[in-house]
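Any value given below was found using the heavy atoms of this structure, including those in side chains, with hydrogens, waters and symmetry copies removed. Numbers restart at 1 for each chain; the letters A, B, ... are given by sequence-line order, proteins then strands.
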Amino acid sequence: MEKTYNHKNVEGKIYENWEKKGYFKPEINPDGKPYCIILPPPNANGALHFGHAMFTVEDILIRYHRMKGFQALWLPGADHAGIETQFVFEKKLKAEGKSRLDFDRETLYGMIYKYVEEHRGGIENQLKRLGFSLDWSREKYTLDSDIVKLVHKTFKRMYDEGLVYRDFRLVNYCTFDGTSFSDLELIHEEKERPLYYIKYGPLTLATTRPETKFGDTAVAVHPTDLRYKKYVGKEIEIETVLGKAKIKVIADESVDKNFGTGVVKITPSHDFNDFEVGKRHNLEMKQVIGFDGKMNDYAGKFKGLYVKEARRAVVEEMKKKGLIEKIDEKYITRLSLCYKCKNVLEPLPLEQWFIKVKPLAEQAIKAVRDGKIKITPSNFENIYFQWLENLRDWNISRQIVWGIRIPAWKSKKTGKWVITEGEEPKGQEWEQDTDTFDTWFSSGQWPFVTLMSNSSSKSDFEKFYPTSVMETGYDLLRAWVSRMVMLGLFITGDVPFKHVLFHGLVNDPYGKKMSKSKGNVVNPLELIDKYGADSVRFALVYGNATGNDQSLSYQKLEAARKFANKLWNMARFIEMKRKDVILNEVKDLDSSATPQNDILEIAQHKNDIVMIKKTKQLTSEITNHLDSYSFNYAAEKLYEFTWHEFADKYIEDVKNRIDEDSYLILTALYLILLKLLHPFMPFITEEIYQRFSPEKSIMIKSWPE
RNA sequence: GAGUCCGUAGCUCAGCGGUAGAGCGUUGCAUUCACAUUGCAAAUGUCGGAGGUUCAAAUCCUCCCGGGCUCACCA
């Protein structure tokens, strides 16, 4: 053996061998109980980042269970990542001087599809570099035709059961990206925005958005506000930038008497609150801002101006006409921004498909309350409950082409909608909805659609559903995990997973969130090159409690690398002593004839007996830690024991009194350590193991007892 | 505005009711006999602050201070 461990000579070769032998397939343990984790599908177009590297936790669980003899399935997949990917592609188009509007739907979709296909293998190879024991033969993609079919089916069934409806209402619309977003996909930002006090005939009201005044269809006051009681129910005459007009005064509970003047303009087409007020009072909807972000006919001479320009122009005009009483320049308002392009989102009225979430959320809450799903760390349960309890209906229509097109068809004759499982309805002329599903609508079905669509093994769904654990970053609790619970329960009648396990984020060495814009992103692949995958994995797990964020630590990586080297040299010592003590050639040092109990029988020396006991104790500790998802405890304990108990004390002791028996005991105990370490550091442990026990793999039914 | 997490050795973090821990760093000594080293030993903390509960609190409760993250349709 070489004097130091060199991961570069080992990792690629080992992984290739594992795959070739089919070790990652659950079928290698045909008699075992099923154990299944579905990999959170990375963006097919993306690159490896630390969120993915944290999936190490899943590999630890899978390897541990596989070693224990479970039929362990870790199912990989990739997500088309709708708006995310289309956004990247449009940027590319822009760089080439083109735009999405230059292409028809099919062409654009085809181009993005091809573009993604070119990148898709990348992320998969990167996951392999981390040593992940994923069953690649079962890999799925959200745009696979069988997945799409199942997603369509879900939508149809929800529609048939009254959970899907089409409605005309305000959506958060990005006029730059040309699509609406769900409530989750917004960034809220506080900004200084002038608050204008505008004269409306005899009244004065405060607003940050004077340019929407063309869409006002009422002015509202609080029902108990004595100041304005005499106006309620009447029409008042007002002077506007476009001349004289009349407007109704209404009374509504939602008005805050203490804000501004206690008078609000009601613009049902451009404000969420006003939309509700408008509904209550049967107000007319006047849309004055178009989906292109420009003012339309209602704005008179301001037509064609972008919202920002229009605001400036309107304010100027009002000032001239003496319609502005005062301006509070320091007013702080909260804006909703597009999470992709950071522009201000416009609430615009649009017909969309919505999912009635209440009945689904109730079931999802119940599943956790009843303990059918456990969440670790448990404090995330509160966030889960809180969100589901206050959930509003889910807008699932996206006005982009990159995604699964909604199987809804509108009759050209009657204008009525028909939902199918994907095929065009017959009989008359139909027009398909041009929108696609919110990405989370398909990924929210991931656990059951992946298992159902794996035709290679028809019983995957029966066997592995509900899956054992869903492990992911806590940032996906709402967008993804809660949706999986809701949709999984709805379609299958059972929870999609029994346990949710959250890991934290990996920040940069200074504790700052890694982001491209800050330029502090570290590519895990570089670290794998430098320290080896085992060390990266170990460093991510060691010294960090489950679910907590951590800062990338080069010291920790270095420590893990040294640990790997230590492990290597322990093996080297054993290898070197082999010839000295063993007279007859022993090929397989891990012969099943020397499990712990048998060693105990040949053990005579007091120190050997003690060490055997200690190792046994260690084994049960590690087993317990893994069963309770305390990966950091397990890693720390293994590190401590291997180095400071086993190497520093025991090997030093045996060194001076080595004979055939003590050698066999030492080797057997060392092999136990290797096995306990294998889920954490798969490459080096397998490499060493195969040197001691050729033709075998450390990962098959080898967990020590 | 609400929620949530964090504040423990120089740094990064474990510990979460019973005499303060790890890694890295620091300081000695030993060693090249498995270990581009390793081993042995040492130093370092009123466990963010103030109250409270308890025989006992870094650990539970309350408040405050500092930092992170998340959520939220007040014009």
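Atom C1' of B:A22 sits at a distance of 12 Å from the matching atom of B:U8, rounded to the whole Å. With both ends at atom C1', the span from B:G7 to B:G48 equals 6 Å, rounded to whole Å. Atom P of B:U59 sits at a distance of 41 Å from the matching atom of B:C29, rounded to the whole Å.
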Polar atom pairs between nucleotides 19-30 of chain B and protein, under 3.5 Å, N or O only, would you list them?
| from | atom 1 | to | atom 2 | distance (Å) |
| --- | --- | --- | --- | --- |
| B:A22 | O2' | A:Tyr542 | OH | 2.8 |

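Of the nucleotides present, none pairs with B:G45 by Watson-Crick or G-U wobble criteria with both distances under 3.5 Å. Using the Watson-Crick or G-U wobble rule with both distances under 3.5 Å, B:A30 pairs with B:U38. Pairing for B:A58 is absent, judged as Watson-Crick or G-U wobble with the two contacts each under 3.5 Å. Partner assigned to B:A14 is none, using Watson-Crick or G-U wobble distances below 3.5 angstrom.
Between the side chain of A:Lys566 and the base of B:C35, at least one donor-acceptor pair of N or O atoms lies under 3.5 Å. Within 3.5 Å, a donor on the side chain of A:Lys655 pairs with an acceptor on the base of B:A34, or the reverse. The base of B:A34 is paired with the side chain of A:Glu652 by a donor and an acceptor separated by under 3.5 Å.
Residues A:Pro679 and A:Ile60 share a closest heavy-atom pair of O-CG1, 3.3 Å.
A cation-pi arrangement is found for A:Lys655 relative to A:Phe573, the charged atom lying closer than 6.0 Å to the ring centre and inside a 45° cone about the ring normal. With a 6.0 Å cutoff to the six-membered ring centre and a 45° limit on the axis angle, A:Arg369 counts as a cation-pi contact of A:Phe385.
When heavy atoms are screened at a 4.0 angstrom cut-off, A:Asn565 is found touching the sugar-phosphate backbone but no base atom.
Heavy-atom distances to RNA chain B give each of A:Met576 and A:Lys265 a nearest nucleotide, and the one nearer the 5′ end belongs to A:Met576.
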